[in-house]
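In what follows, a structure is listed as structure tokens, so that the remarks can point back to it.
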Amino acid sequence: DQQVKQNSPSLSVQEGRISILNCDYTNSMFDYFLWYKKYPAEGPTFLISISSIKDKNEDGRFTVFLNKSAKHLSLHIVPSQPGDSAVYFCAASGLTNFGNEKLTFGTGTRLTIIP
Amino acid sequence: ETGVTQSPTHLIKTRGQQVTLRCSSQSGHNTVSWYQQALGQGPQFIFQYYREEENGRGNFPPRFSGLQFPNYSSELNVNALELDDSALYLCASSRGTGGGELFFGEGSRLTVL
């Protein structure tokens with residue numbers, strides 16, 4: 001049961017243009033969402049997050065939008081740069097069987113920025 | 001500030017063997033979570049350790065077990081290895097057990113033959 005879905009395994013974008021990565025979730029109990037970026041041979045690194053009480057969060061070139069009614073979030077990168085080429089994971093925070101929080105990840109989208 | 005470190009980075013085992021993976025948490029972090037990332041998949045939550053006790057578990061069998069030590073470092077043990085256990089095992093540390101930003105190590109890539 002894939003509770004967090006990233007339906008685009010890959011995306012190619014010209015340098016300088018906008019990159020839009022999408023994520024859908026099914027569990028309405030998720031209350032916090034995060035995006036992680038992963039380079040080869042490295043662990044995922046935190047990029048940006050958003051609480052379920054907001055619909056937008058911005059940090060420099062990165063903006064995350066949340067549509068709770070549609071259970072959809074997206075990450076916008078403007079302008080895209082070659083260093084943005086990586087795998088991007090969407091993650092949602094929910095409760096474990098002990099009542100604390102854990103992250104549920106999507107399958108990732110490989111973003112390639114074309115110079 | 002020292003980041004999360006994991007060892008070994010790569011290892012090869014055969015079916016039925018046992019493996020121990022190690023993780024040192026980032027300084028100041030008291031919680032360690034372990035994730036399994038199979039090829040083409042996102043990381044899947046295995047379990048979390050806080051104050052040297054298991055503090056939440058994902059859908060993994062009991063042959064996956066762990067430890068946390070007083071210095072907050074952690075081990076992941078897998079017994080009776082199966083071919084499907086081949087994956088990247090990621091350790092992540094955090095301050096406290098609440099959901100939010102995790103700091104990941106580079107992972108241990110396990111291949112089971």
Side-chain angles (χ1 to χ4, degrees), chain A residues 1-10 21-25 27 29-53 57 59 62 64 86-110, chain B residues 3-10 21 23-26 29-51 53-60 62 66 68 87-109:
Chain A
D1 176 26
Q2 192 71 29
Q3 296 189 61
V4 177
K5 300 177 185 178
Q6 294 177 256
N7 292 319
S8 298
S10 62
L21 294 91
N22 294 302
C23 177
D24 297 293
Y25 62 96
N27 188 341
M29 299 301 291
F30 288 144
D31 58 1
Y32 192 68
F33 302 89
L34 307 92
W35 285 92
Y36 280 80
K37 176 178 178 179
K38 186 178 187 301
Y39 292 118
E42 294 184 12
T45 56
F46 170 75
L47 192 57
I48 192 169
S49 62
I50 188 167
S51 165
S52 59
I53 63 173
N57 188 27
D59 183 3
F62 303 91
V64 56
V87 177
Y88 289 78
F89 290 100
C90 170
S93 184
L95 295 179
T96 71
N97 53 338
F98 277 57
N100 59 328
E101 304 273 347
K102 64 162 183 166
L103 293 185
T104 299
F105 285 84
T107 53
T109 296
R110 181 177 301 279
Chain B
V4 178
T5 58
Q6 293 186 241
S7 63
T9 54
H10 295 81
L21 307 177
C23 171
S24 293
S25 61
Q26 183 161 316
H29 289 184
N30 57 11
T31 303
V32 171
S33 302
W34 286 91
Y35 287 79
Q36 180 198 65
Q37 186 182 4
L39 198 60
Q41 302 296 315
Q44 300 275 322
F45 176 72
I46 303 175
F47 43 53
Q48 180 184 90
Y49 275 82
Y50 173 68
R51 290 187 176 178
E53 298 213 353
E54 188 177 288
N55 189 45
R57 190 176 185 91
N59 189 25
F60 281 81
Q68 186 181 33
L88 180 67
Y89 288 85
L90 294 162
C91 170
S93 72
S94 57
R95 289 191 189 90
T97 61
E101 184 180 348
L102 299 179
F103 293 80
F104 285 88
E106 65 181 36
S108 294
R109 184 163 296 282

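In what follows, chains are A, B, ... by sequence order, proteins preceding strands, each numbered from 1. Since the structure is predicted, the reported quantities are computational estimates derived from the model, not experimental observations.
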Please check this pair: side chain of A/Tyr36 against backbone of B/Glu101, looking for a donor-acceptor N/O pair closer than 3.5 Å.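 Side chain of A/Tyr36 to backbone of B/Glu101: no pair is present.
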Contacting moiety of B/Gln37, where chain A heavy atoms sit under 4.5 Å: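 Interface part for B/Gln37: side chain.
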ring-ring contact (aromatic ring centres under 6.0 Å, His included), that's the test. Do B/Tyr35 and A/Phe105 meet it? Break it down for me. CA-CA 10 Å; B/Tyr35 287 79; A/Phe105 285 84; 5.6 Å; yes
Using a 4.5 angstrom heavy-atom cutoff, name the option from B/Gln44, B/Gln6, B/Gln41 with the most pairs to chain A.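 Option with the greatest count: B/Gln41.
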Rounded to the nearest 0.5 Å, how far apart are CG of B/Leu88 and NZ of A/Lys38?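 Between atom CG of B/Leu88 and atom NZ of A/Lys38 there are 5.5 Å.
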Which pair of non-hydrogen atoms, one from A/Gly43 and one from B/Leu90, has the smallest distance, and what is that distance?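 Looks like CA-CD2, 4.3 Å.
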